[in-house]
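The structure under discussion appears below in the form of structure tokens.
Computed from heavy atoms alone, side chains included, the values below leave out hydrogens, waters and symmetry copies.
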There are 2 protein chains.
Amino acid sequence: MGEIPTNTEQNILNAAKKVFIEKGRQGTRMQEIANEAGINKALLHYYFRSKEKLFEAVFLEAFHKFLPQIEQLVESDRPFFEVLKFFIDNYINLIFENPHIPGFILHELSQNPDSIARFMSQRVSNLPKLYDKIEKEMTDGIIKPMDPRQILINLIGLCVFPFVAKPIVKSVFFQNDEEVYQSFLLDRKYQVYDFIVNSIKT
Amino acid sequence: MGEIPTNTEQNILNAAKKVFIEKGRQGTRMQEIANEAGINKALLHYYFRSKEKLFEAVFLEAFHKFLPQIEQLVESDRPFFEVLKFFIDNYINLIFENPHIPGFILHELSQNPDSIARFMSQRVSNLPKLYDKIEKEMTDGIIKPMDPRQILINLIGLCVFPFVAKPIVKSVFFQNDEEVYQSFLLDRKYQVYDFIVNSIKT
DNA sequence: CATACTTTTGACCCGTTGGTTAAATCAAAT
DNA sequence: ATTTGATTTAACCAACGGGTCAAAAGTATG
């Protein structure tokens with residue numbers, strides 16, 4: 001019942017994270033994780049019975065790291081635009097530090113769409129509350145009347161897209177110049193905020 | 001020198017498209033393509049020497065089908081918002097009919113970012129012309145001054161995201177109801193247009 | 001029909017890969 | 001030091017998967 005992750009266990013998990021997130025479930029070789037962790041392949045199976053188990057551990061962590069952020073939007077009772085700014089700032093920072101995770105999640109989920117039920121469970125509990133909050137801003141005349149879901153999907157899409165489409169964006173718009181692409185990303189959070197606010201404010 | 005695709009050759013290509021686009025390069029088994037095409041596995045190698053070759057054929061077709069659409073935006077000399085509407089309508093229709101292709105391209109490119117050079121070549125030739133066109137709309141006071149690239153990236157992202165994130169979007173916002181999700185997508189092209197226009201028009 | 005050439009197949013090859021196992025090493029605890 | 005249990009390893013296994021090959025089936029040409 002070793003609840004505290006062993007040194008090696010954490011070590012394995014870190015290695016697994018790195019390889020799985022970069023290469024995907026199918027592209028990952030257990031041997032490569034072992035190498036990355038500097039241990040024997042059999043040790044992987046000692047700590048995590050199978051590739052499936054190990055993958056699930058990695059995926060779950062990545063998923064929970066990225067999804068529940070949405071709840072930020074409902075917790076605070078500051079003005080909506082303020083919360084929005086705060087959220088975008090946080091979320092893009094998070095992606096910036098883990099640029100491969102969104103693409104990883106998207107790909108693995110579309111490989112196995114039904115598995116999402118296992119991961120979500122009660123996660124979306126307070127989404128209706130968020131809808132209410134947004135709709136109140138509409139009746140208050142602060143933002144244009146529209147389906148709140150459109151706003152939220154646009155919000156996430158605008159944050160995530162430049163990262164999951166990195167090779168294309170970098171190549172098409174920035175002549176494959178990594179530095180220019182990076183400075184574009186740094187500016188991105190303000191651009192996304194302005195873009196959304198300009199669009200939805202009355 | 002058989003330039004005209006044989007019946008079987010096209011048959012194989014179709015089967016390969018289906019499997020590769022759904023399962024990805026690594027997730028695809030040659031045997032599954034053979035089954036899908038109703039033929040023997042050895043025949044795959046008779047027509048396409050290797051898995052790599054076959055994959056490349058599939059990827060190239062998918063890539064060319066989806067990327068050059070951007071050029072529409074520069075060809076016409078109608079008012080920008082009109083061209084924009086036309087583009088969004090077309091592009092979302094295209095995705096609607098091939099909903100898995102964008103995710104496929106995104107994933108495979110991020111697995112192999114350098115390969116993009118092979119596929120792009122002179123493709124982005126008239127992108128500067130598009131920038132000029134947009135910037136002219138800015139000096140004409142029709143749209144707000146901003147980096148044209150931000151507009152284009154937002155445009156593509158807003159179109160593509162609901163499809164590549166289908167499982168999450170469908171689950172989080174539509175309780176996994178396929179029909180509701182579909183009707184959301186149908187409405188999407190108008191929403192995206194409004195969202196962008198509202199944001200960038202002066 | 002006979003020859004030659006293309007298309008298709010079943011059987012096989014062999015490197016890879018996830019997973020197992022039994023033994024060795026290590027770390028307390030007695 | 002010896003026992004006991006957890007950790008780590010090398011060697012191995014079976015299945016999988018891409019690719020090959022020789023022969024069969026099909027098709028045209030003389």
Side-chain angles (χ1 to χ4, degrees), chain A residues 1-62 104 107-112 115 118, chain B residues 1-62 104 107-108 111-112 115 118:
Chain A
M1 225 53 98
E3 291 299 308
I4 319 113
T6 324
N7 220 4
T8 26
E9 185 172 345
Q10 194 56 53
N11 181 28
I12 291 175
L13 211 56
N14 289 339
K17 255 186 266 180
K18 184 170 174 191
V19 182
F20 269 128
I21 287 172
E22 201 176 310
K23 306 268 178 93
R25 174 198 219 139
Q26 302 262 21
T28 291
R29 299 294 99 100
M30 291 299 264
Q31 186 59 57
E32 193 175 349
I33 297 177
N35 293 344
E36 181 73 32
I39 55 161
N40 192 284
K41 183 166 66 102
L43 205 52
L44 297 182
H45 291 89
Y46 178 75
Y47 282 95
F48 301 83
R49 203 167 355 275
S50 67
K51 189 184 183 184
E52 256 47 43
K53 293 269 185 197
L54 187 51
F55 173 81
E56 197 146 316
V58 169
F59 183 84
L60 209 76
E61 196 183 317
F104 169 69
H107 177 69
E108 299 304 334
L109 274 186
S110 63
Q111 289 306 298
N112 208 344
S115 74
R118 264 210 322 281
Chain B
M1 234 40 106
E3 291 299 309
I4 317 113
T6 323
N7 218 7
T8 27
E9 186 172 344
Q10 192 56 51
N11 180 28
I12 290 176
L13 211 57
N14 289 339
K17 258 187 262 178
K18 184 171 174 189
V19 181
F20 270 128
I21 287 172
E22 203 176 310
K23 306 270 178 89
R25 175 200 218 135
Q26 302 262 23
T28 292
R29 300 295 99 101
M30 291 298 265
Q31 186 58 58
E32 194 175 347
I33 297 178
N35 292 345
E36 181 73 31
I39 55 160
N40 190 285
K41 183 166 66 102
L43 205 53
L44 297 183
H45 291 89
Y46 179 73
Y47 282 95
F48 301 84
R49 206 172 345 282
S50 68
K51 190 184 182 184
E52 256 44 45
K53 293 268 185 198
L54 187 49
F55 173 82
E56 197 144 319
V58 169
F59 183 84
L60 209 75
E61 197 182 314
F104 169 69
H107 176 70
E108 300 304 334
Q111 289 305 301
N112 208 343
S115 73
R118 261 211 321 283

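I12(B) has its CD1 atom 11 Å from the C1' atom of dT7(C), to the nearest Å. F55(B) places its CZ atom 13 Å from the P atom of dG18(D), with the value rounded to the nearest Å. Atom pair E52(A):CD and dG19(C):P shows a separation of 7 Å (rounding to whole Å applied). With rounding to whole Å, R49(A) atom CZ is found 11 Å from dG19(C) atom P. Computed from coordinates, the L44(A) CG to dT20(C) P distance equals 12 Å when rounded to whole Å. Atom pair K53(A):NZ and dG19(C):P shows a separation of 12 Å (rounding to whole Å applied).
Side chain to side chain, N112(A) and E108(A) fail the donor-acceptor criterion of an N or O pair below 3.5 Å.
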Please produce a list of atom pairs where a protein N or O lies less than 3.5 Å from an N or O of nucleotides 9-13 of chain C.
unit_1: dT9(C); atom_1: OP2; unit_2: N40(B); atom_2: N; d: 3.2
unit_1: dG10(C); atom_1: OP2; unit_2: N40(B); atom_2: ND2; d: 3.1
unit_1: dG10(C); atom_1: N7; unit_2: N40(B); atom_2: ND2; d: 3.0

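Taking both residues in full, the closest heavy atoms of I12(A) and I33(A) are given as O-CG2, 4.3 Å, listed atom of the first, atom of the second, then distance.
Judged purely by atom type and a 3.5 angstrom limit, Q111(A) uses its side chain to pair as donor or acceptor with the backbone of E22(B). Of the possible donor and acceptor atoms, one in the side chain of K51(A) sits under 3.5 Å from a partner among the backbone N and O of T28(A).
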Pairs under 3.5 angstrom only: tabulate donor-acceptor contacts from the side chains of residues 36-46 of chain A to other protein residues two or more places apart or in another chain.
unit_1: E36(A); atom_1: OE2; unit_2: K18(A); atom_2: NZ; d: 3.2
unit_1: N40(A); atom_1: OD1; unit_2: A42(A); atom_2: N; d: 2.8

Output side-chain donor-acceptor pairs under 3.5 Å for residues 52-60 of chain A, partner residues at least two apart or in another chain, one line each.
unit_1: E52(A); atom_1: OE2; unit_2: R25(A); atom_2: NE; d: 3.4
unit_1: E52(A); atom_1: OE2; unit_2: R25(A); atom_2: NH2; d: 3.3
unit_1: E56(A); atom_1: OE1; unit_2: R118(A); atom_2: NH2; d: 3.3

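F104(B) CZ to H107(A) NE2: the interatomic distance, rounded to the nearest 0.5 Å, is 10.5 Å.
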Pair K23(B)-Q26(A), side-chain contact (heavy atoms from CB on, under 4.5 Å): steps then yes or no: CA-CA 10 Å; K23(B) 306 270 178 89; Q26(A) 302 262 21; over 6 Å; no
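Residues passing the side-chain contact (heavy atoms from CB on, under 4.5 Å) test with N14(B), sequence neighbours excluded: Q10(B), K17(B).
Listed pair S50(A) / dG18(C) fails the phosphate criterion, with no side-chain N or O lying under 4.0 Å from OP1 or OP2.
In this structure, the side chains of F48(A) and L13(A) come closer than 4.5 Å at one or more pairs of heavy atoms.
Rounded to 10 degrees, the angle separating the terminal axes of the helix from dC1(C)-dG30(D) to dT30(C)-dA1(D) is 0°, with each axis obtained from five end pairs.
Near DNA chain C, meaning a heavy atom under 4.0 Å away, there are no residues from residues 21-36 of chain B.
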